[in-house]
Amino acid sequence: MKNKVYIETYGCQMNFADSEIVGAILTKEGYGIVSDINEADFILINTCAIRDNAEQRIRKRLRELKALQRQRQWVRIGILGCMAERLQKQLMEEEDNVSFIVGPDAYRKLPEMLGHIKDGEKLAETLLSEVETYADIEPVRYDTNGITAYISIMRGCQNYCAYCVVPYTRGRERSRDPETIVGEARDLFEKGYREVTLLGQNVNSYRWKAESGKQEAESEFVGFPQLMAMVAEVSPLLRVRFATSHPKDLSDELLQVMARYDNICKCIHLPVQSGSERMLKLMNRRYTPEWYLNRIDAIRRYLPTCSITTDVIAGFCSETEEDHQATLEMFRKVRYDYAYMFKFSMRPNTYAAKHLQDDIPDDVKTRRLEEIIALQGEIALENNKKEIGKTYEVLIEGVSHRSEQQLFGRNSQNKVIVFDRGSLEPGQYAMIRVTRCTSATLIGEVVDNK
Ligand code: 5AD
Ligand code: SF4
């Protein structure tokens with residue numbers, strides 16, 4: 001029976017979490033997930049549509065896979081995720097070696113579809129849902145270190161930032177039942193996992209209200225701060241992280257909950273996108289640079305040790321040198337520990353595509369991006385140098401890529417620390433003193449073997 005499935009994932013953490021849900025749905029119906037593509041009967045590619053280069057990468061990958069299909073002619077390729085949703089049947093017409101297309105809310109249909117594909121059919125399922133959260137599905141952690149895991153807590157996004165394709169590929173926002181989230185965290189902890197990252201496009205809009213008629217309405221509402229507390233209570237030995245927050249609704253209440261629990265990691269990813277008030281307005285971000293800096297002050301006030309990371313876009317429509325300087329200024333003020341930095345890429349269907357001009361020449365976008373990258377590199381190195389001499393509790397995640405004799409882990413601030421192995425093992429906590437650094441990594445030594 002042809003039932004071996006290989007899943008290849010591109011894009012954000014959400015997509016990786018979705019691939020684990022896909023793995024669970026298929027395994028339950030008798031399919032097997034394989035880690036060697038040469039054993040596969042079905043190749044599923046979970047795709048990203050956020051920038052044009054993400055899509056080009058997938059197109060290139062599809063061309064490469066033609067060689068494999070020539071040798072194993074029964075192999076069927078399916079496209080999942082955001083690019084499937086964005087392009088739908090068009091993608092199947094443009095890419096002749098694709099047999100099926102499945103959008104992010106239709107994964108429950110996969111077992112049935114794979115059954116049909118064997119007969120040579122071509123199929124597409126791209127309906128978006130207002131309710132699907134896959135709440136009852138226990139993801140199959142097939143590509144795992146056994147220590148850290150993602151838990152998806154909500155799906156979709158309706159912020160409609162002017163540049164962003166996500167509301168069109170992932171549909172309306174919906175939150176998952178908190179009991180199932182806490183249950184999943186508890187189950188992971190019992191299996192030996194020591195860190196969970198709660199995922200959503202905008203976690204601060206997490207809101208759950210139980211069906212009426214059960215109990216008092218007041219006690220039934222669960223917002224994101226309450227959810228974080230519930231997950232943190234699973235065990236003090238289980239670290240809790242989350243991504244991503246939108247600056248417009250990063251609440252003091254969340255910061256207070258973060259301060260209350262040692263096991264909630266002190267790291268906040270707060271995408272700024274631009275430092276210019278005019279650009280932020282045009283991007284429909286619904287905050288000003290002043291508001292953003294006020295939130296940064298609040299983080300520093302409640303959580304003095306917290307690291308802050310961001311996303312930024314260079315060369316959005318009509319961006320002037322002055323706007324770009326404002327972004328650099330923002331980076332100097334906040335002094336991020338890490339940043340994901342992108343060149344603006346016009347996406348079809350977005351507000352920008354309908355109403356704005358992609359008028360910044362590519363070489364200007366590149367130059368501005370490089371200036372941001374260079375500045376951020378200096379800041380990250382300076383920040384890391386300040387870590388030298390400090391001691392952190394590190395959750396050990398694995399063996400260092402450089403040497404068998406070294407381990408690596410992260411501190412609460414999500415910084416990677418490499419150190420000599422001694423008698424320690426992945427999955428343990430250890431106290432590590434930082435002795436050296438690069439702009440990306442801290443190097444340390446064990447001070448106390450707990
Ligand atoms: N072009 C460039 N970057 C984008 N992002 C989202 N849409 C685009 C786009 N059209 C970036 C944002 C977002 C991150 C996930 O990707 O910075 O926070
Ligand atoms: Fe994730 Fe957005 Fe890419 Fe979809 S388009 S995979 S939501 S980053």
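Counting convention: from 1, in listed order, for ligands and their atoms alike.
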As an exercise, state the distance from SG of C267 to CZ of F242, rounded to the nearest 0.5 Å. 8.0 Å

Protein-derived N, O or S atoms lying less than 2.8 Å from atom 3 (Fe) of ligand 2, waters not counted, sum to 1

Side-chain heavy-atom pair R155, E173 within 4.5 angstrom cut-off: no

Passes ring-ring contact (aromatic ring centres under 6.0 Å, His included), Y336 versus F331? Steps please. CA-CA 7 Å; Y336 296 107; F331 271 58; 4.9 Å; yes

For atom 14 (C) of ligand 1, the protein heavy atom that lies nearest, with its residue and separation: D311 OD2, 3.4 Å

Below 4.0 angstrom from a heavy atom of F344, which ligand 1 atoms are there? Numbered from 1 as shown, please. 1 (N), 2 (C), 10 (N)

Is a donor on one side and an acceptor on the other found under 3.5 Å between the side chain of T310 and the backbone of V272? yes

Do the ring centers of Y163 and F342 come within less than 6.0 Å of each other? no

Name the closest protein heavy atom to atom 2 (C) of ligand 1, giving the residue it belongs to and the distance to 0.1 Å. K343 O, 3.3 Å

Could you find the nearest protein heavy atom to atom 3 (N) of ligand 1 and give me its residue, atom name and distance? R51 NH1, 3.1 Å

Ligand 2 atoms nearer than 4.0 angstrom to some heavy atom of R170 are 4 (Fe), 7 (S)

Taking heavy atoms and a distance under 4.0 Å, where does I50 meet ligand 1: side chain, backbone, both or neither? both

What residue and heavy atom of the protein are closest to atom 7 (N) of ligand 1, and at what distance? Y163 CD1, 3.3 Å

Which ligand 1 atoms, with their elements, are less than 4.0 angstrom from a heavy-atom of R347? 10 (N)

What one should report as the nearest heavy-atom pair of K385 and C437 is N-SG, 3.8 Å

Checking side-chain contact (heavy atoms from CB on, under 4.5 Å) between F316 and each of I360, D358, L356, which is the one that passes? L356

Verify side chain to side chain donor-acceptor pair (under 3.5 Å) between E125 and Y107, making sure each step is shown before the conclusion. CA-CA 9 Å; E125 287 285 352; Y107 296 146; over 6 Å; no

For ligand 2, is there an atom lying under 4.0 Å from some heavy atom of Q201? yes

Taking only heavy atoms of F342 into account, list the atoms of ligand 1 that are under 4.0 Å away from them. 3 (N), 11 (C), 14 (C), 16 (O), 17 (O)

Do K343 side-chain atoms and R368 backbone N/O form a donor-acceptor pair below 3.5 Å? no

Does a salt bridge link R170 with E85, judged by any charged N lying under 4.0 Å from a carboxylate O? no

Return the closest protein heavy atom for atom 17 (O) of ligand 1 as residue, atom name and distance. Q273 OE1, 2.7 Å

Nearest to atom 1 (N) of ligand 1, what protein heavy atom do you find, and at what distance? S345 N, 3.0 Å

Between H246 and Y287, is the ring centroid distance below 6.0 Å? yes

T244 vs H269, side chain to side chain donor-acceptor pair (under 3.5 Å): CA-CA, chis, key distance, verdict: CA-CA 6 Å; T244 296; H269 185 60; 4.6 Å; no

